[in-house]
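Predicted model, so just to flag it, every value in this text is computed and none were measured. Residue numbers run from 1 in the order of the sequence given.
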Amino acid sequence: MTAPVFVVDSLAPGDLSGGQYVLDGPEGRHAVSVKRLRPGEGVVLTDGRGRWAEGVVRAAEGKDRLVLAELDPVHEEPPEQPRITVVQALPKGDRGELAVETLTEVGVDAIVPWTASRCITQWKGERGLKALGKWRATAREAGKQSRRVRFPDVADAATSKQVASLLADAAFAAVLHESGDAPLSAAELPASGDIVLVVGPEGGVSPDELALFAEAGAHPYRLGRSVLRTSTAGTAATAALLTRTGRWS
């Protein structure tokens, strides 16, 4: 899709009846005051959950109202297969949002924040809820920017035991770690089901966590000779997987 994407709360077939649709609020303001869309330009509306429809700008009113016409029927994009989930250990500072942004842009389907034992950053109380909110807002904005209509799910923060349970249910489970004796690019991947990839913190995945994940069926893999930061390793690994699953063909 090449037209700019805007998010609406609901996008059922009946929501676009009547010949026109008014986009207002923050999305309307962004369309009118930031994107400066004009009559005749195309847009895409989505609920971020796979439903989307194309329309044409009829008029821009004030600073935050975009009137759309020539609306297509609502389409639904099916979930991708295999589904890719990245378990992302909590990085320092704003590198968490960087990881979420690039993971969303590259096409990951779900992101699980992980409170690994060696994480310097810890999500507790109101601070944790605020940080999680930032991750989810980043995924939404990156989804729009990359013209996606199905945004990645950003789960609540998980413990190592919860991550192990997720790995046990996966069709393919991997941990990025220097102890891996095989490159991720050579792993045998399933055609469907869940691929779950664990990215450790800057201090690395602890031996106890490696053992726990191995018991759940996850194997360690390496990407290459260079060492990537936790905020970029997941994106690089996801790209390597996507080239081999057929999703980028």
Treating Ile, Leu, Val, Met, Phe, Trp and Tyr as nodes and any side-chain heavy-atom pair under 4.5 angstrom as an edge, say whether [X] and [Y] lie in one connected cluster.
X	Y	answer
Val199	Val112	no
Tyr21	Val56	no
Val86	Val100	yes
Trp248	Val149	no
Leu223	Leu241	yes

Any non-hydrogen side-chain atom of [X] less than 4.5 Å from a side-chain atom of [Y]?
X	Y	answer
Pro91	Thr230	yes
Val7	Asp47	no
Thr104	Phe151	no
Val32	Asp64	no
Phe6	Leu37	yes
Leu129	Glu126	yes
Val175	Leu210	yes
Leu90	Trp135	yes

For this session: Kindly state whether the ring of Trp114 and the ring of Phe213 have centres lying under 6.0 angstrom apart.
Result: yes
Problem set entry | Phe172 ring center near Tyr221 ring center (under 6.0 Å) | yes
Do any N or O atoms from the side chain of [X] and from the backbone of [Y] form a donor-acceptor pair under 3.5 angstrom?
X	Y	answer
Arg136	Val154	yes
Arg150	Glu77	yes
Arg65	Ala60	no
Glu209	Ser206	yes
Thr102	Leu98	yes
Glu27	Asp24	no
Thr115	Ala158	yes
Gln81	Gly193	yes
Ser33	His30	no

Spatial distance of atom [atom1] ([X]) from atom [atom2] ([Y]) [nearest 0.5 Å]:
X	Y	atom1	atom2	answer
Glu97	Lys134	CD	NZ	5.5 Å
Leu23	Glu61	CG	CD	11.5 Å
Thr238	Leu197	OG1	CG	5.5 Å
Arg244	Leu184	CZ	CG	7.5 Å
Thr46	Leu11	OG1	CG	6.5 Å
Glu54	His75	CD	NE2	6.5 Å

[atom1] ([X]) with more than 12 external heavy atoms under 6.0 Å:
X	atom1	value
Arg127	CZ	no
Glu76	CD	yes
Glu215	CD	no

Problem set entry | Residues Leu45, Leu68; criterion side chain to side chain contact (heavy atoms under 4.5 Å, CB included); working and verdict | CA-CA 10 Å; Leu45 301 179; Leu68 305 177; 3.9 Å; yes
For this session: State whether Glu141 and Lys144 are salt-bridged, where the test is any N-O pair (Lys NZ or Arg NE/NH1/NH2 against Asp/Glu carboxylate O) under 4.0 Å.
Result: yes
Exercise. Under a 4.0 Å N-O cut-off, is there an ion pair linking Asp153 with Arg49?
Worked result: no
For this session: Go through the steps for Leu166 and Asp169 under the test side chain to side chain contact (heavy atoms under 4.5 Å, CB included), then give the verdict.
Result: CA-CA 5 Å; Leu166 186 66; Asp169 292 334; over 6 Å; no
Exercise. Can you list the steps and then say if Leu132 with Trp123 is a side chain to side chain contact (heavy atoms under 4.5 Å, CB included)?
Worked result: CA-CA 8 Å; Leu132 178 60; Trp123 286 2; 4.0 Å; yes
Considering all heavy atoms of both residues, which atom of [X] and which atom of [Y] are nearest to each other, and what is their separation?
X	Y	result
Gln20	Arg58	OE1-NH1, 2.9 Å
Ala218	Leu167	CB-CD1, 3.9 Å
Asp109	Arg247	OD2-NH1, 2.7 Å
Val108	Ile111	CG1-CG1, 3.9 Å
Leu228	Ala236	CD1-CB, 3.7 Å
Ala110	Pro152	N-CB, 4.2 Å

Exercise. In a check of salt bridge (Lys or Arg N to Asp or Glu O under 4.0 Å) between Glu202 and each of Lys92, Arg95, Arg118, Arg229, which one passes?
Worked result: Arg229
Exercise. Between Leu176 and Arg222, does a side chain to side chain contact (heavy atoms under 4.5 Å, CB included) hold up when you go through it step by step?
Worked result: CA-CA 6 Å; Leu176 294 184; Arg222 52 183 169 79; over 6 Å; no
